[in-house]
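One structure below.
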Amino acid sequence: AQTVTQSQPEMSVQEAETVTLSCTYDTSENNYYLFWYKQPPSRQMILVIRQEAYKQQNATENRFSVNFQKAAKSFSLKISDSQLGDTAMYFCALARFTGTASKLTFGTGTRLQVTL
Amino acid sequence: NAGVTQTPKFQVLKTGQSMTLQCAQDMNHEYMSWYRQDPGMGLRLIHYSVGAGITDQGEVPNGYNVSRSTTEDFPLRLLSAAPSQTSVYFCASTLGGTDTQYFGPGTRLTVL
């Protein structure tokens with residue numbers, strides 16, 4: 001079984017500041033993928049960033065970057081220059097590819113509030 | 001492309017009623033999945049399909065049925081709704097097993 005843990009239920013950051021959301025996971029697989037999804041009040045699940053476990057280089061997407069520590073099974077998300085539009089729930093997810101399907105396991109989420 | 005679409009957006013049922021949540025995608029994705037989202041629990045996999053005619057159970061399949069007669073559609077059926085099935089339901093699709101899953105807008109279901 002695989003698990004994903006997000007230990008920060010809520011976080012707050014001021015506009016233009018940097019914030020880091022934590023995620024740890026557990027899996028016995030060697031080939032897996034990690035994701036951060038954003039869920040704004042509209043409820044839509046939006047992909048923020050993706051990391052392949054076999055890649056050592058940390059993924060980056062504009063203001064979003066990850067710190068992937070495979071040995072420690074840690075996958076944190078850093079948001080730089082926070083904007084009001086970043087206010088949302090953020091979910092960390094682990095995808096295990098079984099050969100026939102990709103199954104996602106989600107964490108319980110971190111609610112991020114960006115303030116003026 | 002419309003992406004992944006779900007209908008209805010909201011639904012209220014009485015205990016024991018049945019209904020079907022619709023999901024369709026126009027991206028020619030082979031893999032489709034259904035998740036439910038409950039407060040404080042993240043999203044959990046209900047059922048998934050790796051192609052037309054092939055379905056399998058996820059983490060929380062009890063009380064739900066699925067079928068996949070075409071690549072585009074993957075409906076989720078509640079045979080006899082229970083209050084424990086009150087949740088937000090998401091459909092997702094992906095091109096291949098290692099690709100990113102794309103989510104529909106969700107259906108908020110309330111069972112009284």
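Basis for what follows: all heavy atoms, side chains included, without hydrogens, waters or symmetry-related copies. Below, read A as the first sequence line, B as the second, and so on, with proteins coming before strands; counting in each chain starts at 1.
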Stepwise side-chain hydrogen bond (donor to acceptor under 3.5 Å, both in side chains) test for B:Tyr89 and B:Gln11: CA-CA 11 Å; B:Tyr89 292 85; B:Gln11 183 70 50; over 6 Å; no
Side chains of B:Asp56 and B:Ile54 in contact at under 4.5 Å (non-hydrogen atoms): no
A:Leu47 portion near chain B, given a 4.5 angstrom heavy-atom threshold: side chain
Residue A:Tyr32 versus chain B: region with a heavy atom under 4.5 Å: neither
Within 45° cone and under 6.0 Å: A:Arg43 NZ/CZ vs B:Phe10 ring: yes
Engaged part of A:Gln6 at the chain B interface, taking heavy atoms whose separation is under 4.5 Å: neither
Separation between CG of A:Leu94 and CG of A:Leu104, rounded to the nearest 0.5 Å: 8.0 Å
Test item: side-chain donor near acceptor, B:Ser87 and B:Asp38, under 3.5 Å: yes
Portion of B:Leu43 that has a non-hydrogen atom of chain A nearer than 4.5 angstrom: both
Winner by heavy-atom pair count (cut-off under 4.5 Å) against chain A, out of B:Gln37, B:Arg44, B:Glu59, B:Glu30: B:Gln37
